[in-house]
Trainee: 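Here's a structure for you.
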Amino acid sequence: MRMDAPLTQPLRIVLVLGALGALALSLAWRALDLQVLDKEFLQNQGDARHLRELAIPANRGMITDRNGEPLAVSTPVDSVWANPRELLAARAQWPALARLLNIDAKGLERHLLGRLDREFVYLKRAVNPELAQQVTALAVPGVSLQREYRRYYPAGEVVSHVIGFTNVDDIGQEGLELAYEEWLRGRPGAKRVIKDRLGRMVESVEGVTEPVPGKDLALSIDRRLQYLAYRELKAAIQANGARSGSLVMLDIATGEVLAMVNQPSFNPNNRVKLRGDFFRNRAVTDVFEPGSTIKPFTAAAALESGKFRPTTMIDTESGLFKVGRHTVRDVHKYGVIDVTTVIQKSSNVGATKMALAIEPQQLWSMFSRVGFGAATGSRFPGEMPGALSSYKRWGEIERATLSYGYGLSVTPLQLAHAYTVLADHGRFKPVSFSRVTQPPRSEQVVKAEVADQILKMMETVTGEGGTGMAAGVPGYRVAGKTGTVHKSQAGGYADNRYLALFAGVAPVSRPRLAMVVMIDEPKSGEYYGGLVAAPVFGKVMAGALRLLDVAPDDVQSLRTQLVEAGVGKQNKGGAAGVMAQVVSSTSHTRQSNETKSQPKSLGKGVL
Amino acid sequence: MIARAMKLWGRDKNAERSRAVVMPRGRPGQRPAAPPKAVVLPQGDPWLLGAAFILLVLGLVMVSSASLNIAERQYGHPFYYVVRQLVFVIAGVIAALLVMRTRLVHWEKAGGTLLLAGMVLLALVLVPGIGKVINGSQRWLPLGLFNLQASEPVKLFVVVYMAGYLVRHGAEVRSSVVGFLKPILLLVLIGLLLLLEPDLGATVVMFATALGMLFLGGARLWPFAVLLGLVAVAGAGLIYSSPYRMARLTGFLDPWADPFDTGFQLTQALIAFGRGEWFGVGLGASVQKLFYLPEAHTDFLFAVLAEELGLLGSLAVIGLFALIVARAYVIGRTAEKGGHRFAAYLAYGLGLWIGLQAVINIGVNMGMLPTKGLTLPLMSYGGSSIVVMCVAVALLLRIAHETRAPDSGFRAASPGLRLAEGKPR
C-alpha cells in the first residue's frame with residue numbers, strides 16, 4: 001500500500017539537489033571566468049571579427065590653370081562592392097544585379113568564385129548616383145556601396161596630354177597627375193567601426209583619423225590660350241590630313257608653359273577604347289630632327305665666333321655645295337647673300353658655310369647651351385632629352401648637316417625653350433609647368449648682342465620675301481623660322497614624308513611669347529613649314545597676344561594697312577585705342593592676302 | 001481526448017467555484033455571499049511563480065532583442081519572431097491557467113495514455129512527409145499555425161508517467177531490478193525514436209530526469225552503476241558512429257582550434273560572454289546577435305543575454321532557475337509529507353527536468369558541454385518549449401496548491417482537493 005511506503009530518503013534528495021547545486025555553481029563560476037577573468041582574450045577575438053579599420057578617402061588636390069580655372073577636380077562617387085560568399089548565396093538576384101551593372105552574370109560568378117577567400121570584391125567602380133541608388137534599392141545580400149573619389153577633367157581633351165590622368169584608385173598615371181602625385185595626393189583618414197557579419201557598419205568607435213586632402217596645384221597653363229591652341233592645331237591637322245601635331249607656347253620671361261597641345265588627343269574622362277600611344281604628350285616625349293629651325297642657332301654660333309656679322313656676305317653659289325661625297329642643296333639659287341638673308345631664305349648652303357668656318361666645338365657649345373641634348377628640367381614624366389652627339393666625332397659632313405638641323409633630335413618643348421633664350425637676350429631659364437610667382441633665376445648663355453641680332457634676322461622671315469610670312473600678326477613684330485624636315489626612315493630619308501615646323505617669338509620689341517608648331521606628315525599636297533605650320537603659328541599668336549593684352553609694337557604697319565583698307569581716315573584717335581577691333585576686323589583679309597602671296601615665298605623654298 | 005479534457009475542466013470549474021465560495025472563510029472581514037470570481041488563481045508558491053514569471057518576461061525581452069535583426073533579414077519584418085513568441089507566451093499562460101485548475105488525479109490517471117500519445121507523436125514525426133526537417137533534424141509536426149516539437153511534450157509526459165509509475169510500483173522499484181528496468185526499457189524505446197530525429201539533447205534530458213526520479217524513488221544503487229556504465233559506453237558509441245556528433249564534440253573541446261567551422265557557433269557565443277563583462281553592453285546593444293552568433297534567439301539566447309546584461313544578468317538567470325528547482329523540491333517534500341506521493345514525485349521530476357535542461361543549455365552556451373539542440377526553459381524562442389514549460393511550472397503550482405500543509409486552512413475547505421487526496425489507489 002502506498003501509505004506504507006517509506007518517505008524518500010532525505011539523503012537522496014540532498015544528493016540530487018547537491019548535484020544540481022554543484023552544476024549551478026560551476027555554471028556561475030564559468031560565467032565569471034568568461035565574463036570577467038577571460039574577457040580580454042574573448043574581446044580581442046570579438047574585435048578581430050567586428051572591428052574594421054575603415055579608410056576615409058581623402059580628396060585629391062585640384063589642378064587649375066594659372067587663373068584658377070579648374071582642369072582636374074575630384075568628385076565623390078560610389079563604388080559597388082560585394083562580399084563574395086554572401087552574394088553567391090543570393091543567386092536569385094543576380095540577373096537583376098548584372099543587368100543593372102551591365103555585367104555578365106556568368107563572368108560575375110567566375111569573378112566571385114575566384115575570390116572566395118576575400119570579404120571585399122569590387123563589382124563596379126565609380127558608378128553614377130542614380131545607379132548607386134538603384135543598387136541600394138535592389139538590396140542584394142552582400143552588396144554594398146563604398147564612397148570614393150573620381151577624377152573629372154572639365155577641359156576634356158584640350159589639356160589631357162599635359163594633365164594626364166589618374167587610375168581608378170585615384171593615383172596619377174600620366175602627365176602632371178603623375179609628376180605631382182605626392183603634392184596632389186591626400187592622406188586617407190581612418191575610422192574604426194563595428195560591422196555586423198554582413199559587413200554593414202553598425203557603429204563608429206574611437207580612433208578616427210581625419211583624412212588630409214591633397215594640395216591644389218596651379219599650372220602655368222592658361223586655359224584660354226590652351227583652348228585657342230587646341231582649336232587651331234586640330235583644324236590644321238584636319239585640313240592637312242596630317243598624322244599628328246604638337247604646339248608649345250612658352251612665356252619668355254618666366255619659362256612657363258602657357259599652352260601645350262597635341263593631336264590626336266583623347267578625352268581623359270572616358271578612356272575605355274584608347275591605346276597607350278594616345279596618351280603620349282608628344283610635345284615632350286617625342287623627338288624629331290629640327291631641320292631649318294636650328295639655323296638661327298647656327299648663325300648665333302657664327303656671330304659669336306667673331307668671324308661673321310649679320311651683314312657678312314656668303315656665297316651660296318648655285319644652290320649646290322659639295323661636302324665630301326655629300327651635296328648640300330638649296331631649293332633656289334640665291335648667289336651671294338648676307339647672313340640675314342641666309343636665315344630669311346633658309347639657305348642650307350649658307351648655313352653649311354658658316355658651320356664649316358667655325359670650330360665644331362663652337363657650334364656644339366651653342367646648341368648645348370640653349371638646351372639641346374638635355375631634358376628641360378620640366379620634370380614632365382617621360383620627357384626625352386633628345387640627342388646631340390659630341391663634336392669630337394663630327395666630320396665635315398656632320399658639321400654641314402647639323403648646321404641645317406639634321407643629325408640631332410629635339411622635342412617641341414626643347415625647341416620652344418631654345419627660342420626663349422634667343423628672345424630673352426640670351427638668358428636661359430628653367431621650363432615650368434606650374435605657375436611661377438617669382439621671376440626665375442636666369443643664366444646668360446648667349447651674348448645678349450648676338451641674341452638680339454639673331455632675333456632681328458628672324459624677323460625678316462615673317463616679313464616681305466621671308467619663308468614664314470603666314471606667321472605674321474598684324475600690329476606686332478614677329479620673329480621666327482620655318483622648317484620642313486624630311487622624315488628619316490630605315491635606310492635614309494623619306495622623299496615624301498615631311499615634318500612642317502614653325503618656331504618663333506613675338507612681339508620682337510619686348511618678346512613675350514615663344515611658340516613651336518609641329519605638324520607631322522601633312523598629306524594634302526602642301527608640306528612646307530611656311531605653308532602648313534606658319535599659319536597656325538600666326539593665328540594662335542594673334543589670339544594669344546590679344547588675350548594677354550600685349551601692346552602692339554608695330555602700329556605703323558597697322559596704320560599703313562588701315563589706310564590701304566580705307567578705314568584709316570576714320571581713325572582719329574590713337575591707333576592703340578582701336579587696336580583690338582582693328583586686329584579682329586583685318587585679320588581675315590590679311591590672312592587671305594597672305595595665302596595668295598604664299599606661293600611666291602614658297603618658291604624660294606626651304607629645306 | 002480533448003473532449004475528455006473539457007469535461008475535466010468543467011468539473012474542475014465547479015470545484016473552483018465551490019472553493020471560491022468558501023474563500024471568505026480565510027478572511028473573516030468579508031461577506032460570505034461574495035460572488036464567485038471567473039478565474040481564481042490557486043494559492044501556489046509565490047517564489048516559484050515570481051521566478052517563472054521573471055524568466056518568461058526576460059525571455060520575451062531577450063528574444064526580441066536577439067531576433068529583430070535576423071527577422072528583418074529573413075522575413076523583412078523585424079517583429080516576426082517577437083510577435084510569434086508573444087503569441088506562444090500567451091498560449092503558454094492560458095495553458096498554465098488551465099493546468100492550474102486541473103486536479104492532479106487526472107494527470108496521474110492519464111499518465112500511461114499521455115506517454116503512449118507522446119510515442120505516437122514521436123513516431124509521426126519520423127514519417128516522411130509529415131515530420132518537418134529543420135537544420136537537418138526531423139523534429140517538428142506542422143500543425144498549420146505552428147510547428148509542434150514532439151520531444152517537448154514527450155519529456156513532460158515521461159515525467160508524469162514516471163511519477164505515476166513510482167507510486168504504483170514503488171515497492172517493486174525499491175526491492176527488485178525488474179521494477180527498475182521496466183520503465184528503463186520503455187524509455188529506451190522512446191530514446192530510440194528521439195535519436196532517429198535526431199535529438200540527442202532531449203534523449204539525454206529525458207533519461208537523466210527519469211533516472212533521477214528512480215533514484216529518488218528509492219531504487220537500489222548497483223543497477224544505477226551498471227546502467228551509467230552502459231549509458232557511457234552507448235553514448236561514446238553514438239558519438240563515434242556519427243560524424244555529426246563527433247564534429248560537435250571536438251568543436252566543443254577546443255572551439256578555437258577551428259573557429260570558422262566546427263567551433264564557429266561556440267566561439268561566437270564565448271565572445272558574447274567576454275563582451276558582456278560585469279554589467280553587459282546594454283539591452284539591445286549586442287554585436288554578436290548581428291549574424292555572428294547563429295541561433296541567437298533560440299538555443300543561444302543565454303549568450304546574447306550575457307552580452308547585453310553582463311555577469312549580473314547571467315547570474316540572475318542561473319539564480320532564478322536555481323530558485324525554481326529549490327521551490328520544486330520544497331513543494332515536493334511538502335507534498336510527500338502530506339502523503340501526496342504522486343504529487344511529490346511529479347514535483348521532484350519536474351524540478352529535475354527544468355534544472356537539467358537549464359544547466360545543459362547554459363552549459364552549452366558557455367562551452368562546458370557539446371552543442372545540443374536544447375532550449376533554455378521559459379526563455380528561448382519556440383512555441384512547443386514555451387507552452388510545455390509553462391505547463392510544467394503550472395503543474396508545480398497546482399501541486400503546491402493541492403498539497404498545501406494542513407494548517408493552511410484551504411485543504412479542508414476545498415472538496416475538490418479533498419477528493420484528490422482522498423482517492424484510494
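This structure is a prediction, so every number in the text was calculated from the model and none was measured.
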Trainee: CD1 of B:Ile362 to CZ of A:Arg30: how many Å apart, nearest 0.5 Å?
Mentor: 13.0 Å

Trainee: Within the structure provided, determine whether B:Glu307 and A:Gln35 are in side-chain contact (heavy-atom separation under 4.5 Å).
Mentor: no

Trainee: Taking only heavy atoms into account, what residues of residues 317-326 of chain B are found under 4.5 Å from chain A?
Mentor: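 Against chain A, the residues of residues 317-326 of chain B that fall inside the cut-off (heavy atoms, under 4.5 Å) are B:Ile318, B:Val325.
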
Trainee: Please check this pair: side chain of A:Arg12 against backbone of B:Gly217, looking for a donor-acceptor N/O pair closer than 3.5 Å.
Mentor: no

Trainee: Taking C-beta and beyond as the side chain, do A:Val14 and B:Tyr329 meet within less than 4.5 Å on heavy atoms?
Mentor: no

Trainee: Shortest non-hydrogen contact from B:Gly355 to A:Leu20?
Mentor: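 Of all heavy-atom pairs spanning B:Gly355 and A:Leu20, the closest is C-CD2, 4.3 Å.
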
Trainee: Report yes if the side chains of A:Leu27 and B:Met368 come closer than 4.5 Å at any heavy-atom pair, otherwise no.
Mentor: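 Yes, side chains in contact.
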
Trainee: Is the number of heavy atoms from other residues, nucleotides or ligands under 6.0 Å of A:Gln133 CD greater than 12?
Mentor: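 12 or below, so no.
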
Trainee: Taking side chain as everything from C-beta outward and backbone as N, CA, C, O, which of these in B:Ala171 sits under 4.5 Å from a heavy atom of chain A? Side chain, backbone, both or neither.
Mentor: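 Neither part.
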
Trainee: Checking heavy atoms, do the side chain of B:Leu216, its backbone, both or neither come under 4.5 Å from chain A?
Mentor: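 For B:Leu216, heavy atoms of backbone and side chain both lie under 4.5 Å from chain A.
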
Trainee: Are there more than 12 heavy atoms of other residues, nucleotides or ligands under 6.0 Å from atom NZ of A:Lys215?
Mentor: yes

Trainee: Heavy-atom count check: over 12 atoms from other residues, nucleotides or ligands less than 6.0 Å from A:Asp169 CG?
Mentor: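 Atom CG in A:Asp169 is packed in, count exceeds 12.
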
Trainee: Atom CG in B:Leu356, atom CG in A:Leu23: separation rounded to 0.5 Å?
Mentor: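 Answer rounded to 0.5 Å: 7.5 Å.
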
Trainee: More than 12 heavy atoms of other residues, nucleotides or ligands under 6.0 Å from CZ of A:Arg147: is that the case?
Mentor: yes

Trainee: Between A:Leu37 and chain B, which part of the residue has a heavy atom less than 4.5 Å away: side chain, backbone, both or neither?
Mentor: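 The answer is neither part of A:Leu37.
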
Trainee: Which of the residues A:Asp33, A:Asp38, A:Leu32, A:Asn44 is involved in the greatest number of heavy-atom pairs with chain B at under 4.5 angstrom?
Mentor: A:Leu32

Trainee: Using a 4.5 Å cut-off on heavy atoms from C-beta on, say whether the side chain of A:Val36 contacts that of B:Glu277.
Mentor: no

Trainee: Using a cut-off of under 4.5 Å for heavy-atom pairs, which of B:Gly212, B:Ala219, B:Gly332, B:Gly351 has the most such pairs with chain A?
Mentor: B:Ala219

Trainee: Measure the shortest side-chain to side-chain distance between B:Tyr348 and A:Ile13 over non-hydrogen atoms and say whether it is less than 4.5 angstrom.
Mentor: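 Yes; the side chains approach each other to less than 4.5 Å.
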
Trainee: Rounded to the nearest 0.5 Å, what separates atom CZ in B:Arg275 from atom CG in A:Leu34?
Mentor: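 Answer rounded to 0.5 Å: 14.5 Å.
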
Trainee: B:Gly274 and A:Lys39: which non-hydrogen atoms are nearest, and at how many Å?
Mentor: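 Residues B:Gly274 and A:Lys39, closest heavy atoms: O-CB, 3.5 Å.
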
